[in-house]
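Notes follow the structure.
Proteins come first, then strands; the chains are lettered A, B, ... in the order of their sequence lines, and each starts at number 1. Note that the structure is predicted; figures quoted are calculated from it, not measured.
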2 protein chains.
Amino acid sequence: MTTRTAAERRADARTSHLTRVADCPTNRLLERIGEKWVSLVLKELADGPRRYGDLARTIASASPKMLTQTLRRLERDGLLSRTVTPAVPVRVEYALTPLGQSLMPVLYALSGWAERNIEQVEAARRSYDVAQRSSS
Amino acid sequence: MTTRTAAERRADARTSHLTRVADCPTNRLLERIGEKWVSLVLKELADGPRRYGDLARTIASASPKMLTQTLRRLERDGLLSRTVTPAVPVRVEYALTPLGQSLMPVLYALSGWAERNIEQVEAARRSYDVAQRSSS
DNA sequence: CAGCATCCCTTGAGATACTG
DNA sequence: CAGTATCTCAAGGGATGCTG
C-alpha cells in the first residue's frame, strides 16, 4: 500500500537519472572539451609546450580570464602541466601530459569528421531553415 | 604613416580570430555534441528509431522542453530525421540519418577514452584540489 | 501523444582595470 | 610576463502549466 503518487515516482526517476547522467564519463568529458576554448588550447599544445603569452597571441580572441580559466581546468583534470620557472620575469610553460596526449587522437578523429561533413551539415541547416520559414 | 594604435591592432586581431574560431568545423561540432542531452539522445537512437515518449522515459531527467530542443537542433543539422504519422493519437518517430550514423563511431571513440581514463582524471582532480587547499 | 508557452534563475563568458 | 579582480550581460537550462 504505497502512498506515492505517479508524479512522485516520476520525479524520483528524474532525480536518479540525473545523477547517473552527471556521473557518466562520456558526459563529463564532453562537458570539458565542449568548453569554448578547450579544443583550441589542446591543439596548440599538441605541437609542443607553449608559454602563456604564446597561447594568448595564438588564441587571440580569448581574454586573459578565459585563457587562464581554461588552462587551470585542464591542469586540474591532469591533461596538461603548468611549470613555473622562477626568474625575472617569470616564465610559465604549459605542456600536455601523457594523459592529455592520449586524448589527442580522439580529438583529431572528431576534427576529421567535422571537416569532412561540415558542408553537409550546413546544407541541412539551410534547407531546414527554408522549410521553417515557408511553413510559418 | 598609420594612425592605428597597438591597442586597436590587438582588438582587430581578436575580432578576426573570433570569426575564424566561430567558423572552425571542429568547434561547431563540439558546440553541438557538447550540449547537455545530445550524446544521450544520439546513443539512444543508435540502437534504432525511437518515439518521443520512449526517449522521454529513457532519458528521464531531461524535461520535455530540453528534449524537444535537442531533437530539433539535431534534426536541423541533418543528424536525425523526424517522422510524423498522422493518426490518433499522433506518432512521431526519430531516427539517425546516415550522416548521424557516420558520427557514432567518433562518439564511441570518445566514450571509450572517457571510460578508460575517467579514474585517472578523477585522481588528478582530487590531488589538485588537495594541493590548492593546503596552499591557500 | 507530443509537444509549446511562460517564467525564472544560474552559469558562461566578455570588457575593463589592476598587480606581484 | 603572467596573471587577478570586478562588473555586466546574454544564454542555457529547469519548473510549471496548457494544447492540437
Side-chain angles (χ1 to χ4, degrees), chain A residues 7-8 10-15 17-19 21-22 27 30-38 40-41 49-75 80-94 132 135-136, chain B residues 7-8 10-15 17-19 21-22 27 30-38 40-41 49-75 80-94 132 135-136:
Chain A
E8 284 172 335
R10 272 198 304 275
D12 283 0
R14 259 204 304 280
T15 304
H17 184 257
L18 196 52
T19 307
V21 168
N27 264 12
L30 277 170
E31 271 178 29
R32 181 62 73 241
I33 70 172
E35 284 169 17
K36 193 163 182 177
W37 305 106
V38 166
L40 289 169
V41 167
R50 292 280 184 280
R51 297 180 59 175
Y52 181 90
D54 294 335
L55 292 171
R57 264 183 300 281
T58 312
I59 310 176
S61 51
S63 67
K65 172 186 155 185
M66 293 314 298
L67 183 55
T68 299
Q69 187 176 105
T70 302
L71 290 166
R72 288 293 144 82
R73 288 177 177 174
L74 291 173
E75 184 195 1
L80 56 80
S81 64
R82 175 171 179 272
T83 312
V84 183
T85 306
V88 181
V90 287
R91 177 189 181 89
V92 180
E93 203 165 71
Y94 293 91
Q132 289 310 301
S135 77
S136 67
Chain B
E8 284 172 333
R10 272 197 305 276
D12 283 359
R14 258 204 305 282
T15 304
H17 184 258
L18 195 51
T19 306
V21 168
N27 264 12
L30 278 169
E31 271 179 30
R32 180 62 74 240
I33 70 173
E35 284 168 19
K36 193 165 183 177
W37 305 108
V38 166
L40 290 169
V41 167
R50 291 282 184 278
R51 295 181 60 177
Y52 182 89
D54 295 335
L55 293 171
R57 265 183 300 280
T58 313
I59 310 176
S61 50
S63 66
K65 172 185 154 184
M66 293 315 297
L67 183 55
T68 299
Q69 186 175 103
T70 302
L71 290 166
R72 288 294 142 84
R73 287 176 177 174
L74 291 173
E75 185 195 0
L80 58 81
S81 63
R82 176 172 179 270
T83 312
V84 183
T85 306
V88 181
V90 288
R91 177 191 180 89
V92 180
E93 203 166 71
Y94 293 90
Q132 289 310 301
S135 76
S136 69

Judged by nearest nucleotide, the residue sitting upstream toward the 5' end of DNA chain C, A/E35 or B/D54, is B/D54
Are B/Q69 and B/R72 side-chain neighbours, meaning at least one heavy-atom pair lies under 4.5 Å?
no
How close do B/I33 and A/L30 get, heavy atom to heavy atom, and via which atoms?
O-CD1, 3.7 Å
Sorted by number, the residues of residues 81-94 of chain B with heavy-atom contact under 4.0 Å to DNA chain D
none
Roughly how bent is the helix from C/dC1-D/dG20 to C/dG20-D/dC1 end to end, in steps of 10 degrees, with each end axis from five pairs?
60°
Side-chain contact test, heavy atoms from C-beta onward, threshold under 4.5 Å: evaluate it for B/N27 versus A/L40 and give yes or no.
yes
Give the table of side-chain donor-acceptor pairs shorter than 3.5 Å for residues 81-93 of chain A, with sequence neighbours excluded, one pair per line with atom names and distance.
| from | atom 1 | to | atom 2 | distance (Å) |
| --- | --- | --- | --- | --- |
| A/S81 | OG | A/A95 | O | 3.4 |
| A/R82 | NE | A/Y94 | OH | 3.2 |

Could you state the OH-P distance from B/Y52 to D/dG20, rounded to the nearest angstrom?
17 Å
If I compare all heavy atoms of B/V38 with all of B/L74, which pair ends up nearest, and what's the gap?
CG1-CD2, 4.0 Å
Extract, from 5' to 3' on DNA chain C, the first and final nucleotides lying under 4.0 angstrom from some heavy atom of chain B.
C/dC1 to C/dT6
Got a second to check how far A/I59's CD1 is from A/D54's CG, nearest 0.5 Å?
10.5 Å
Please list, one pair per line, the donor and acceptor atoms closer than 3.5 Å that link side chains of residues 61-68 of chain A to other protein atoms, with sequence neighbours excluded.
| from | atom 1 | to | atom 2 | distance (Å) |
| --- | --- | --- | --- | --- |
| A/S61 | OG | B/H17 | ND1 | 2.5 |
| A/S63 | OG | A/M66 | N | 3.3 |
| A/T68 | OG1 | A/Y52 | OH | 3.2 |
| A/T68 | OG1 | A/P64 | O | 3.0 |

A/A13 and B/A60 have their tightest heavy-atom pair at O-CB, 4.1 Å
For the atom pair CG (A/L80) and CZ (A/R73), what is the distance rounded to the nearest 0.5 Å?
13.0 Å
What residues from residues 56-73 of chain B pass a heavy-atom cutoff of under 4.0 Å to DNA chain D?
B/K65, B/M66
